[in-house]
Amino acid sequence: MPRITAIQVYELLPKKNCGACKEPSCMSFALKLLTRGKTPFNCPNLTETERQALIALLRPPVREVVIGSGDKAVKVGGEEVMYRHELKFFNPCVISIDVSDLMSDVEIKNRIDFVKNFTIERVGQKLRLDAIAIRCASSEKNKFENAVKFVSDNFDGPIILCSFNPEILKSGAEILKGKKPLLYAATKDNWKDVVRIAKEYNAPIAIYSPNLSELGTIASNIENLEKFDQIILDPGIQVLGNELKETLNNFTMLRRSAVKGVRELSYPLMAVPAVAWVGSGDNITSAYYECYIGGIMLDRFASLLIIHSAEPWTVLPLITLRQSIYTDPRTEPEAKPGLFEFGNPDENSPVLVTTNFSLTYFTVSNDLKKSNLNCYLLVVNTKGLAVDTSVATGDLSGSKLKDAILQFEVGKKIKHRRIVIPMLASRIRGDIEDQTGWEVLIGPRDSSQIAGFLRDNWKV
Ligand code: SF4
């Protein structure tokens with residue numbers, strides 16, 4: 001499906017250039033709408049009919065679905081392209097941890113606390129888990145209701161209710177009234193009942209079918225007959241051998257169909273890597289395999305994952321991969337070049353060198369802060385390249401470092417003439433010494449070792 005153009009959007013605007021939308025012109029507003037910097041609600045001069053026409057035109061090929069309410073609500077889907085570099089991905093994959101109504105309250109509480117408390121800081125962003133999925137494993141309404149109530153009392157984020165029994169889904173939805181839980185799942189046998197509940201509780205639904213044509217038919221019936229479009233598709237995943245290959249093909253086909261405008265498949269996709277636990281060996285192997293499958297599905301367009309393992313070592317790879325996939329390639333953060341102070345450095349303090357590759361910069365600066373060091377960090381403009389890459393391309397060299405020392409007036413801050421470069425740049429040590437006339441120390445390979453390195457080696 002060809003992307004809509006600014007002219008197409010502009011044609012639907014009032015063309016008054018009045019500035020009420022805080023844009024200098026209607027054309028500028030049209031451009032902002034295309035990149036989702038504004039919404040049709042920001043122009044007060046549109047009639048309701050015009051606004052709806054604009055919303056329909058701007059609707060992304062992959063429908064956007066909201067789970068949860070208030071400031072903890074999450075959006076899934078809403079994507080326009082197959083690959084990030086073609087535009088950007090808008091809504092990061094939602095990662096949820098499951099609990100079941102057969103678990104004890106203590107077990108459920110531990111898992112809720114894990115979701116609430118797990119956080120890491122990476123490249124200047126705080127990465128977290130998003131949601132809890134409650135499985136009805138008991139097939140008993142009472143037990144499920146108790147689990148839903150317990151989760152609801154202890155967790156204010158998005159919740160996914162999991163059962164193929166509409167009556168059980170309804171009992172959970174009643175407890176979560178107003179909280180927009182995702183109802184998982186509608187199937188060929190129960191979709192009418194599930195949609196009725198979804199409408200009653202204003203909740204989105206997930207359709208499950210491993211048969212892609214059946215999946216499309218159910219979605220099409222729900223949208224056309226029931227006029228309901230808050231839908232997520234779960235084509236199921238197989239985790240072994242050729243069937244895993246087929247799963248990847250299915251996810252790719254579904255996303256491609258959505259982007260090409262196949263209406264009955266124009267919904268976000270979800271995957272349940274937790275199935276890797278079914279019939280597998282020990283817990284460690286299961287968790288490891290689940291993490292591996294989750295990573296593959298993240299890469300293959302899943303907008304929502306349900307995982308079982310609540311261990312930092314399984315969650316960490318998934319949330320860091322998610323951050324990489326969903327970073328806007330147009331504004332990929334580059335650290336700012338310059339001379340930065342850590343602690344209270346003086347004229348005898350060490351000067352450390354790094355590049356403006358954001359991942360390196362944020363890792364090094366976090367390590368320096370954690371170590372309570374008094375030092376300078378000279379960030380060289382390597383066009384956002386990492387240390388080893390910039391050495392290879394010549395973006396980090398003796399002359400580049402000399403320029404940085406002059407530009408940021410490093411010599412005025414210190415009275416010694418020594419700098420510490422990362423070990424990955426050790427092969428340009430001679431070049432740096434020739435160009436700058438400064439003494440060069442080769443620092444550690446890993447910035448977490450800088451404190452120990454300085455303790456042993458920094459003497460002025
Ligand atoms: S408020 Fe509407 S009419 Fe006024 S400039 Fe913005 S888009 Fe144009």
Side-chain angles (χ1 to χ4, degrees), residues 1-94 124-125 130 158 178 180 199 202-204 219 223-224 227-232 255-268 301 303 325-334 336:
M1 192 165 69
R3 289 206 72 222
I4 52 170
T5 64
I7 295 293
Q8 283 173 286
V9 178
Y10 177 75
E11 285 304 322
L12 296 184
L13 294 177
K15 304 180 191 69
K16 290 185 176 174
N17 296 326
C18 67
C21 57
K22 304 218 166 30
E23 289 299 319
S25 66
C26 292
M27 180 50 93
S28 161
F29 184 70
L31 289 165
K32 279 280 163 64
L33 285 174
L34 274 179
T35 53
R36 302 198 208 172
K38 298 272 178 185
T39 77
F41 293 94
N42 294 124
C43 171
N45 299 316
L46 288 165
T47 64
E48 196 43 40
T49 314
E50 289 167 340
R51 185 169 289 119
Q52 289 309 322
L54 201 49
I55 289 170
L57 178 70
L58 292 166
R59 189 162 60 194
V62 179
R63 220 59 71 84
E64 190 169 78
V65 175
V66 177
I67 308 171
S69 58
D71 59 356
K72 292 283 175 69
V74 289
K75 291 177 185 167
V76 295
E79 309 301 350
E80 300 192 20
V81 290
M82 280 290 281
Y83 303 109
R84 185 184 78 138
H85 62 265
E86 295 172 296
L87 174 66
K88 66 170 271 191
F89 291 158
F90 288 90
N91 295 314
C93 175
V94 168
Q125 293 177 346
D130 308 289
K180 279 190 103 157
K199 284 181 172 175
N202 186 28
E223 177 153 6
N224 295 328
K227 308 291 176 221
F228 185 86
D229 67 1
Q230 286 292 285
I231 295 170
I232 295 174
R255 179 56 161 280
R256 183 166 289 126
S257 303
V259 169
K260 288 193 165 188
V262 179
R263 202 174 166 88
E264 64 268 30
L265 298 175
S266 61
Y267 302 99
F301 316 115
S303 291
I325 291 174
Y326 285 87
T327 299
D328 186 346
R330 300 166 306 176
T331 56
E332 199 110 35
E334 269 183 20
K336 231 171 116 195

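Whatever order the structure lists ligands and atoms in, that order sets their numbers, starting from 1.
Shown here is K15, whose NZ atom has more than 12 heavy atoms of other residues, nucleotides or ligands within 6.0 Å. More than 12 non-hydrogen atoms from other residues, nucleotides or ligands lie less than 6.0 angstrom from CZ of R36.
Under a 3.5 Å cut-off, the side chain of R255 and the backbone N or O of V81 do form a donor-acceptor pair.
Within the 4.5 Å cutoff, the side chain of R84 has heavy atoms near those of the T327 side chain.
The distance cut-off of 2.8 Å around atom 2 (Fe) of ligand 1 captures these protein N, O or S atoms, sorted by chain and number: C43 SG.
When each of Q230, E79, K75 is tested with E64 by the rule side-chain contact (heavy atoms from CB on, under 4.5 Å), just one qualifies, namely K75. When V94, V62, I231 are each tested for a side-chain contact (heavy atoms from CB on, under 4.5 Å) with P268, only one passes: V62.
Set against the non-hydrogen atoms of G19, the atoms of ligand 1 under 4.0 Å away are 4 (Fe), 5 (S).
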